[in-house]
Amino acid sequence: MITSHLPPLTGIDTHAHIFSRDLPLTEGRRYSPDYDAWIEDYLRQLDSVGLSHGVLVQPSFLGTDNSFLCAALRKYPQRLRAIAVVEPSISEVQLDAMQACGVVGIRLNLLGKPLADYSSALWQDFFARLARRQWQVEIQRPMVDLAPILPAILASGVTVVIDHFGLPEGQIDPELPAHQAFLQLLASSPQLYIKLSAAYRCKASRAQAQQSVSVLRSTCGGVDRFLWGSDWPHTRHEHETDYVAQFAEITALLPDPAERRQVLLENPAQLFKFQQQADATEQ
């Protein structure tokens, strides 16, 4: 049974998408769904592996219309948080309304898009406003392009989360200059987090994903800035994997129970503002 009351905090999936094929889709999209991914379907996935909470990420093909996302947050406020997609010119009133629903950050899905000047006044003001709210900026872009854009964003003081291992091609290779530059930023920027999610989007085998985890652990000095996301419903890869398989992947990548607890519970509870529930669970 799907519940909307305050459940004990057992684990948090920080990356999933919901949508309906009947929703208006943005122009220039790279993908159009031919099925529905309802919030109740997602909550059943969480329940199937014993996780209590989830973070919804606005899919790029829905653009800046976050109404479907916010409706799910209002329906299940105790179990969900969300990352929205907005324009940097968005008003404070609009951000207030999203925050009241449970939005805790915004996403920059930069795949296939020209990169903006993130040091400009428009973007710096936007990032500063997010930082004051203790929101985050989540970025999806291949690792080869991350080091040039991150310093300006990090300079604003906002927390930044990198999707899907940073999207290396295969595994992270510290010998590659672009990878090395990103790793240097990761080592020196305590507000920079990374999601161990969707290794299939990197075309990485489990061995390659394990090697990437090893490099990232060494770079960060531990796992305190690691997160996990299922990437449900695995758009474009639906026939290659499923929720249970992705949960098994993180179990294999983090065999130590203490590390898994930190990545699945402690880190996201604080970052995604589930901390009060985590505190209540500990009492």
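Using a 4.0 Å cut-off between charged side-chain N and carboxylate O, K113 and D145 make no salt bridge. Checked for salt-bridge contact, R44 and D47 miss the test: no charged N lies under 4.0 Å from a carboxylate O. We find that R133 and D96 are joined by a salt bridge, their nearest charged nitrogen and carboxylate oxygen being less than 4.0 Å apart.
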### Message
Quick one, Q140 with R107, criterion side-chain contact (heavy atoms from CB on, under 4.5 Å). Give me CA distance, side-chain angles, the key distance, then yes/no.
### Response
CA-CA 8 Å; Q140 181 173 215; R107 190 187 201 200; 3.0 Å; yes

### Task
Could you please spell out the steps behind the side-chain contact (heavy atoms from CB on, under 4.5 Å) verdict for L23 and D65?
CA-CA 10 Å; L23 292 170; D65 181 355; over 6 Å; no

### Task
Would you check, one step at a time, whether the test side-chain contact (heavy atoms from CB on, under 4.5 Å) holds for R79 with L46?
CA-CA 10 Å; R79 298 194 70 179; L46 288 178; 4.0 Å; yes

### Message
The test is side-chain contact (heavy atoms from CB on, under 4.5 Å); show your working for L227 and E138 and say whether it passes.
### Response
CA-CA 12 Å; L227 304 163; E138 180 178 299; over 6 Å; no

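Here ring-ring contact (aromatic ring centres under 6.0 Å, His included) pairs that include residues 127-153, with residues two or more places apart or in two chains, are W123-F127. For residues 147-177, the set of pairs meeting the ring-ring contact (aromatic ring centres under 6.0 Å, His included) definition, not counting sequence neighbours, comprises H15-H164.
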Donor-acceptor pairs under 3.5 angstrom involving side-chain atoms of residues 180-187: please list them, not counting sequence neighbours.
none

Show me the donor-acceptor pairs within less than 3.5 Å that the side chains of residues 217-224 make with the rest of the protein, sequence neighbours left out.
residue	atom	partner	partner atom	Å
R217	NE	E259	OE2	3.1
R217	NH2	E259	OE1	3.0
T219	OG1	V215	O	2.8

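Judged purely by distance below 3.5 Å, without hydrogens or angles, the side chains of Y193 and N267 never pair a donor atom with an acceptor atom. Residues Q246 and S230 bring no donor and acceptor atom of their side chains to less than 3.5 Å of each other.
Side-chain atoms of L62 and L25, non-hydrogen and from C-beta on, do get closer than 4.5 Å to each other. Within the 4.5 Å cutoff, no side-chain heavy atoms of V161 are placed close to those of I83. Residues T10 and L265 form no side-chain contact, since every pair of their non-hydrogen atoms from C-beta on lies 4.5 Å or further apart. Counting heavy atoms from C-beta on, the side chains of V103 and N66 never come closer than 4.5 Å. Side-chain contact between L271 and T14: absent, with no pair of heavy atoms (C-beta onward) separated by less than 4.5 Å. Taking the side chain as every heavy atom from C-beta outward, M98 and V86 approach each other to under 4.5 Å. The shortest distance between side-chain heavy atoms of L111 and P142 falls below 4.5 Å. Side chains of L56 and I39 form a contact here, defined as non-hydrogen atoms less than 4.5 Å apart.
The backbone N or O of R206 lies less than 3.5 Å from no partner atom in the side chain of E249, so there is not a single donor-acceptor pair. A donor-acceptor contact shorter than 3.5 Å links the side chain of R260 to the backbone of L254. Using modelled atom types, one side-chain atom of D242 and one backbone atom of A245 make a donor-acceptor pair closer than 3.5 Å. Between the side chain of E240 and the main chain of H237, no donor-acceptor pair closer than 3.5 Å is present.
Atoms CG and CG, on L192 and L146 in that order, are 8.5 Å from each other to the nearest 0.5 Å. Interatomic distance, Y35 OH to E238 CD, rounded to the nearest 0.5 Å: 3.5 Å. Q94 contributes atom CD, which lies 9.0 Å from atom OG1 of T64 (distance to the nearest 0.5 angstrom). Rounding to the nearest 0.5 angstrom, the gap separating the CG atom in D41 from the CD1 atom in I18 is 10.0 Å. Taking CD of Q171 as the start and SG of C202 as the end, the distance is 11.0 Å to the nearest 0.5 Å. Between the CD1 atom in I90 and the CG atom in L95 there is a gap of 4.5 Å [rounded to 0.5 Å].
Shown here for R30 and S60, the closest heavy-atom pair between the two residues is NH2-OG, 4.1 Å. The nearest pair of heavy atoms linking R74 to P77 is O-CD, 3.4 Å. The shortest non-hydrogen separation linking R129 to S91 is NH1-C, 4.0 Å. Of all non-hydrogen atoms in P190 and R225, the two that sit nearest each other are O-CD, 3.2 Å. Contact between Y42 and G54 at its shortest, heavy atoms only, is OH-CA, 3.4 Å. Looking at every heavy atom in both residues, A131 comes nearest to S156 through CB-O, 4.3 Å.
Taking T235 as the reference, R201 meet the side chain to side chain donor-acceptor pair (under 3.5 Å) condition, with sequence neighbours excluded. Not a single side chain to side chain donor-acceptor pair (under 3.5 Å) links Q210 to another residue, sequence neighbours left out. Checked against ring pair (Phe, Tyr, Trp, His ring centres under 6.0 Å), F68 has the following partners two or more places apart in sequence or in another chain: W38. When the side chain to side chain donor-acceptor pair (under 3.5 Å) test is applied to S214, no partner is found at least two apart in sequence or on another chain. Remark: Q134 pairs with K273 by the side-chain contact (heavy atoms from CB on, under 4.5 Å) rule, at least two apart or across chains. Among residues two or more places apart in sequence or in another chain, the salt bridge (Lys or Arg N to Asp or Glu O under 4.0 Å) test is passed with D117 by none. With sequence neighbours excluded, no residue forms a side chain to side chain donor-acceptor pair (under 3.5 Å) with S188. Listed by chain and residue number, D173, H179 satisfy the side-chain contact (heavy atoms from CB on, under 4.5 Å) test with L176 (two or more places apart in sequence, or in another chain).
Note on Y200: it does not cluster hydrophobically with I172, by side-chain heavy-atom contacts below 4.5 Å among ILVMFWY residues. Linking Ile, Leu, Val, Met, Phe, Trp and Tyr residues whenever their side-chain heavy atoms come within less than 4.5 Å places I106 and Y118 in a single cluster. L110 and F126 end up in the same hydrophobic cluster when Ile, Leu, Val, Met, Phe, Trp and Tyr side chains are linked at under 4.5 Å. I153 and L167 fall into different hydrophobic clusters, defined by Ile, Leu, Val, Met, Phe, Trp and Tyr side-chain heavy atoms under 4.5 Å apart, directly or through other members. Clustering ILVMFWY residues whenever any of their side-chain heavy atoms sit less than 4.5 angstrom apart, transitively, puts I162 in a cluster other than the one holding V85.
Ring geometry for F61 versus Y31: interplanar angle of 30 to 60°, hence tilted. Aromatic ring orientation, H53 versus F274: perpendicular (interplanar angle above 60°, classes split at 30° and 60°).
Under the side chain to side chain donor-acceptor pair (under 3.5 Å) test applied with D13, the options W232, Y243, W228 reduce to a single match, Y243.
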